[in-house]
Amino acid sequence: MRIATYNVNGVNGRLPVLLRWLEEAKPDVACLQELKAPEEKFPLQALKDAGYHAIWHGQKSWNGVAILSRNVEPVEICRVLPGDSEDLHSRYIEAEINGIIIGCLYLPNGNPAPGPKFDYKLAWFKRLNLHAAELIKSDKPAVLTGDFNVMPIELDVYKPERWVNDALFRRETREAFKDLVSQGWTDAIRKLYPKETIYTFWDYFRNAYGRDAGLRIDHFLLSPKLKNKLLAAGVDKHVRGWEKTSDHAPVWIELKDK
DNA sequence: ATGCCGTGGAAACCACGA
């Protein structure tokens with residue numbers, strides 16, 4: 001079973017690129033972030049025609065998350081991160097597919113830091129960690145994936161010294177990610193490639209992609225039950241080089257079926 | 001060191017992103 005995550009940066013503006021990638025990569029499950037589309041503007045028919053069922057949580061202009069699944073209908077578990085009924089951003093959706101719980105998340109950016117946006121990021125992170133702990137406690141096979149807006153270690157940043165005060169790399173952010181992983185989650189990419197430079201995002205400007213000045217911020221966390229089922233993982237880096245592409249590249253994992 | 005590019009929505013600029 002292949003599961004992918006892709007921050008599309010506008011699901012409608014990016015539809016040709018998304019369909020091209022789905023056709024090429026054919027993931028069984030694809031978690032999308034930054035739909036930037038309200039609920040009723042989600043391109044369901046085009047995705048159905050491409051062979052995917054979908055659940056999504058849209059929002060006008062910003063955020064928005066979706067889970068696509070080939071052949072089987074995702075069974076929605078929830079569409080908000082528990083813990084704050086005042087939080088109206090669509091940043092989390094969770095479903096069960098083939099017996100695996102899949103949480104698709106878009107963690108807040110948090111810049112500028114410090115400030116209210118950074119406070120929101122840390123508060124959201126705290127709620128995520130509480131929810132993740134519940135998933136661990138349930139002992140079910142689970143995957144948490146999406147745009148975490150965190151570079152966990154220096155190896156994940158092209159010039160770490162420039163990012164120390166950024167919301168994506170500040171001590172508090174990295175510590176929150178570390179706390180999350182230490183609940184018992186496995187960072188799939190780092191399990192298979194502990195020492196390699198691997199990026200999932202490149203800025204649009206300054207020829208960042210051409211210079212490979214990137215960041216690793218899109219992650220797969222595997223619950224203990226899935227840790228030993230990880231067969232492969234990677235980044236579809238070439239997709240970032242396509243015309244009218246997102247600033248993120250798709251990331252994927254392959255899990256043993258039985 | 002930096003939103004320099006790109007998206008969406010409303011209004012022909014602005015908010016937001018990482």
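Just the heavy atoms: all of them, side chains too, but no hydrogens, waters or symmetry mates, feed the values below. Convention: sequence-line order gives letters A, B, ...; per-chain numbering from 1.
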**Student:** From the options B:dG17, B:dA10, B:dG8, select the nucleotide whose nearest atom is closest to the side chain of A:K60.
**Tutor:**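 Out of B:dG17, B:dA10, B:dG8, the nucleotide with an atom closest to A:K60's side chain is B:dA10.
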**Student:** Nearest-Å distance, CD (A:Q33) to C1' (B:dG8)?
**Tutor:**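 Spelled out: CD on A:Q33 to C1' on B:dG8 is 18 Å.
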**Student:** In whole Å, what is the span from the CZ atom of A:R91 to the P atom of B:dC16?
**Tutor:**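 Checked: the CZ to P distance equals 11 Å.
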**Student:** Would A:R174 and A:D156 pass as an ion pair if we require N to O under 4.0 Å?
**Tutor:**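 Looking at A:D156 together with A:R174, the answer is no, because their closest N to O distance does not fall below 4.0 Å.
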**Student:** Stepwise, does the side-chain hydrogen bond (donor to acceptor under 3.5 Å, both in side chains) test hold for A:Q183 with A:D179?
**Tutor:** CA-CA 7 Å; A:Q183 293 175 359; A:D179 288 346; over 6 Å; no
**Student:** If you pin A:L168 and A:D203 to their nearest nucleotides in DNA chain B, which one's is more 5'?
**Tutor:**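 Its nearest nucleotide lies further toward 5', so the answer is A:D203.
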**Student:** Whole angstroms only, please: what is the NZ-C1' distance between A:K117 and B:dC16?
**Tutor:**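 After rounding, the gap between these two atoms is 6 Å.
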**Student:** Take atom CG of A:N9 and atom P of B:dA15, then tell me their distance rounded to the nearest Å.
**Tutor:**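 A:N9 atom CG is separated from B:dA15 atom P by 18 Å.
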**Student:** Check this for me, if you would: do A:E39 and A:R79 make a salt bridge, where the nitrogen-to-carboxylate-oxygen distance has to be below 4.0 angstrom?
**Tutor:**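 A salt bridge links A:E39 with A:R79.
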**Student:** Let's see if you can work this out: which of B:dG17, B:dT7, B:dG9 has an atom nearest to the side-chain heavy atoms of A:K36?
**Tutor:**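 The closest nucleotide is B:dT7.
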**Student:** Taking only the side-chain heavy atoms of A:F205 (C-beta and beyond), determine which of B:dG9, B:dG3, B:dT7 contains the nearest atom.
**Tutor:**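 For A:F205, the side-chain atoms sit closest to B:dG3.
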**Student:** Could you state the atom-to-atom distance from CG of A:L15 to P of B:dG8 in whole Å?
**Tutor:**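 After rounding, the gap between these two atoms is 11 Å.
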**Student:** Indicate, yes or no, whether a donor-acceptor pair under 3.5 Å links the base of B:dG17 to the side chain of A:N111.
**Tutor:**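 When only heavy-atom distances are counted, A:N111 does not reach the base of B:dG17 through any donor-acceptor pair under 3.5 Å.
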**Student:** What's A:P108 touching, base or sugar-phosphate or nothing? Going by heavy atoms closer than 4.0 Å.
**Tutor:**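 Nothing: the residue A:P108, judged by heavy atoms under 4.0 Å, touches no strand.
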**Student:** B:dC5 C1' sits how many Å from A:K244 NZ, rounded?
**Tutor:**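 One finds 11 Å between C1' of B:dC5 and NZ of A:K244, rounded.
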**Student:** Write down the distance between OH (A:Y106) and P (B:dT7), rounded to a whole number of angstrom.
**Tutor:**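 Atom OH in A:Y106 sits about 15 Å away from atom P in B:dT7.
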**Student:** Whole angstrom is fine here: how far is it from CH2 in A:W163 over to C1' in B:dA1?
**Tutor:**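 Result: 11 Å.
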**Student:** Pick the nucleotide of DNA chain B nearest each of A:T245 and A:R206; which residue has the one closer to the 5' end?
**Tutor:**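 Closest to the 5' end, via its nearest nucleotide, is A:R206.
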